[in-house]
Amino acid sequence: MERGLFGMVSNAEILSGGIIRLQVAEAEVNDISICFLDRKTGEPTKGKTKPETILRQLTTKKGQVYSMLQGKRDVDTVLTMGIMEDVSFIPQPAGDTGKVDLIMNVVERPNGGFSAGGGISSGITSGPLSGLIGSFAYSHRNVFGRNRKLNISLERGQIDSIFRVNYTDPWIEGDDKRTSRTIMVQNSRTPGNLVHSNQPGNSSLTIGRVTAGLEFSRPLRPKWSGTGGLIFQHAGVRDENGNPIIKDHYSSPLTASGKTHDDMLLAKFESVYTGSGDHGSSMFVFNMEQGLPLWPEWLFFNRVNARARKGAQIGPALCLLSLSGGHVVGNFSPHEAFAIGGTNSVRGYEEGAVSSGRSYVIGSGEISFPMLGPVEGVIFADYGTDLGSGPTVPGMFFVIS
């Protein structure tokens with residue numbers, strides 16, 4: 001019972017001295033099958049998911065002694081796939097063999113659909129609808145019945161806009177390391193004020209990026225995961241009329257190549273440590289990108305970035321400390337500099353209002369505590385610096401502090 005093994009006592013013999021000898025038959029797994037149930041009636045139905053897609057997730061195998069604890073972990077694993085609404089194991093006797101047949105009853109979730117919403121953008125905008133952004137998305141969480149994910153989304157604001165297509169295979173077929181593959185295409189437009197500041201006459205600059213990439217991710221060890229891939233980016237700056245430009249009002253360069261657009265091919269590596277996954281748990285992220293100049297005009301640079309977070313519970317309060325930093329060397333676009341300031345950086349400042357630099361360090365400390373019901377209070381302090389690297393960014397002649 002302590003080990004969760006499934007078995008039965010087939011014989012009991014009382015010996016002298018108060019000793020009881022028990023003969024225990026442990027039930028081996030004879031077969032595992034999948035039974036799809038209708039969401040409304042609970043009756044068996046035809047499923048859309050390939051049975052092998054579910055079976056490959058199970059650690060319980062034929063020939064093993066059936067463990068109810070192991071079976072519960074397998075149920076939880078199948079639920080985390082995100083395509084099942086309910087999962088349960090039902091053991092059945094396999095004739096007179098002393099073995100069991102396992103039937104996994106599953107109820108599939110709807111595969112996906114359309115959604116729409118709205119919110120507030122952190123970009124610098126102006127006007128009566130400043131900051132408002134709308135979104136529209138289509139998602140399919142079980143493409144071809146193999147748990148592959150397709151997401152198509154559009155977010156549109158007064159200046160910001162992002163159109164994104166993601167196709168993810170969470171576990172590449174034939175791979176025993178649980179490697180996932182993601183294909184991504186994105187077209188975005190963001191305010192250029194973060195790096196290039198406001199232009200005279202309240203004119204604005206926008207940065208357009210067309211990005212396409214291929215990434216592979218896999219667990220490295222418990223709580224550690226790694227990601228590697230190749231990303232191509234075609235980026236340039238446009239004025240408020242939508243015309244491509246290479247210099248701003250102050251004759252500062254807006255691209256590294258001197259052309260209307262910069263092209264780059266990035267080799268990416270990222271390693272992530274996550275604790276329990278809760279808000280206050282420990283976290284560490286290391287990211288490195290290397291520009292590959294396969295063509296002479298493509299950008300050649302190296303960028304590293306690291307973030308760490310540590311939380312500690314002190315009575316009812318949660319203390320959270322975080323530190324991040326990065327550095328970039330080589331020939332890079334001005335809008336690829338590290339922007340300091342904003343809700344995810346130094347709070348109390350506009351996005352990028354503290355500085356933009358080749359290097360940066362940001363430290364943050366906060367204490368959150370319960371107040372009334374779901375309401376919490378937070379005391380925080382942030383500090384950020386570009387380590388004097390602001391003037392070395394192409395087109396930057398001063399640092400706002």
Side-chain angles (χ1 to χ4, degrees), residues 121-127 156-163 186-213 231-266 289-303 305 326-342 345 349-360 386 388-401:
S121 168
S122 60
I124 303 174
T125 59
S126 60
R156 187 74 169 87
Q158 188 178 3
I159 294 180
D160 307 64
S161 68
I162 300 178
F163 175 74
Q186 178 176 295
N187 187 351
S188 67
R189 187 179 67 173
T190 57
N193 310 57
L194 304 184
V195 176
H196 303 292
S197 187
N198 295 317
Q199 302 296 301
N202 291 325
S203 60
S204 60
L205 302 177
T206 58
I207 301 171
R209 296 180 176 92
V210 178
T211 307
I231 300 173
F232 176 80
Q233 180 173 287
H234 177 79
V237 181
R238 295 178 179 269
D239 61 19
E240 58 185 356
N241 297 320
N243 301 316
I245 55 177
I246 60 175
K247 293 185 177 181
D248 63 10
H249 179 80
Y250 304 103
S251 297
S252 301
L254 300 175
T255 60
S257 63
K259 300 180 180 180
T260 57
H261 288 84
D262 286 330
D263 293 324
M264 63 191 82
L265 179 65
L266 302 176
E289 295 175 334
Q290 175 64 56
L292 304 177
L294 300 186
W295 296 95
E297 61 270 19
W298 289 9
L299 302 188
F300 178 52
F301 65 93
N302 178 271
R303 174 168 49 205
N305 190 23
H327 182 63
V328 57
V329 295
N331 187 27
F332 66 99
S333 306
H335 50 261
E336 294 293 336
F338 296 110
I340 306 172
S345 178
Y349 290 83
E350 295 279 0
E351 297 287 329
V354 175
S355 180
S356 295
R358 283 180 176 264
S359 307
Y360 85 101
D386 64 4
S389 65
T392 67
V393 176
M396 293 290 290
F397 295 101
F398 58 88
V399 179
I400 300 174
S401 62

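Worth saying up front: this structure is predicted, and the values here are computed from it rather than measured.
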With the side chain counted from C-beta on, respond yes when Ile246 and Leu254 share a heavy-atom pair under 4.5 Å apart, and no when they do not.
no

Just so I know, are the side chains of Arg209 and Thr190 near enough to count as touching, which here means a heavy-atom distance under 4.5 Å?
yes

Short question: side chain of Ser345, backbone of Gly342 - any donor-acceptor pair under 3.5 Å?
no

Are the side chains of Ile245 and Leu205 in contact, using a 4.5 Å heavy-atom criterion?
yes

Given the rule in the side chain to side chain contact (heavy atoms under 4.5 Å, CB included) test, do Glu297 and Lys259 qualify, once you have shown the distances and angles that lead to the verdict?
CA-CA 10 Å; Glu297 61 270 19; Lys259 300 180 180 180; 4.2 Å; yes

Determine whether Gln186 and Ile162 satisfy the following criterion, side chain to side chain contact (heavy atoms under 4.5 Å, CB included), listing intermediate values before the conclusion.
CA-CA 7 Å; Gln186 178 176 295; Ile162 300 178; 4.0 Å; yes

Arg358 side-chain N/O to Thr392 backbone N/O, donor-acceptor pair under 3.5 Å:
yes

Starting at OG1 of Thr206, measure out to CG of Asp239 and round the result to the nearest 0.5 Å.
8.0 Å

Ignoring hydrogens and angles, state whether a donor on the side chain of Glu336 or Gln233 is under 3.5 Å from an acceptor on the partner side chain.
yes

Taking C-beta and beyond as the side chain, do Ile340 and Asp386 meet within less than 4.5 Å on heavy atoms?
yes

Taking side chain as C-beta onward, heavy atoms only, is Asp160 less than 4.5 Å from Pro191?
yes

Side chains of Asn331 and Phe301, heavy atoms from C-beta outward: is any pair under 4.5 Å?
no

So, Ser257 versus Asp262: side-chain donor-acceptor pair below 3.5 Å or not?
yes

Under 3.5 Å donor-acceptor, Asn241 side chain and Asn243 backbone:
no

Applying side chain to side chain contact (heavy atoms under 4.5 Å, CB included) to Leu265 and Trp298, what does each step give before you reach the verdict?
CA-CA 7 Å; Leu265 179 65; Trp298 289 9; 3.7 Å; yes

Heavy-atom distance under 4.5 Å between the side chains of Val328 and Phe338, does that happen here?
yes

Do Leu292 and Phe300 come within less than 4.5 Å of each other through their side chains, counting heavy atoms only?
no

Using only atom types and a distance under 3.5 Å, with no angle test, would you say the side chain of Ser333 pairs donor to acceptor with the backbone of Thr255?
no

Relative to each other, are the rings of His234 and His261 parallel, tilted or perpendicular (30° and 60° limits)?
parallel

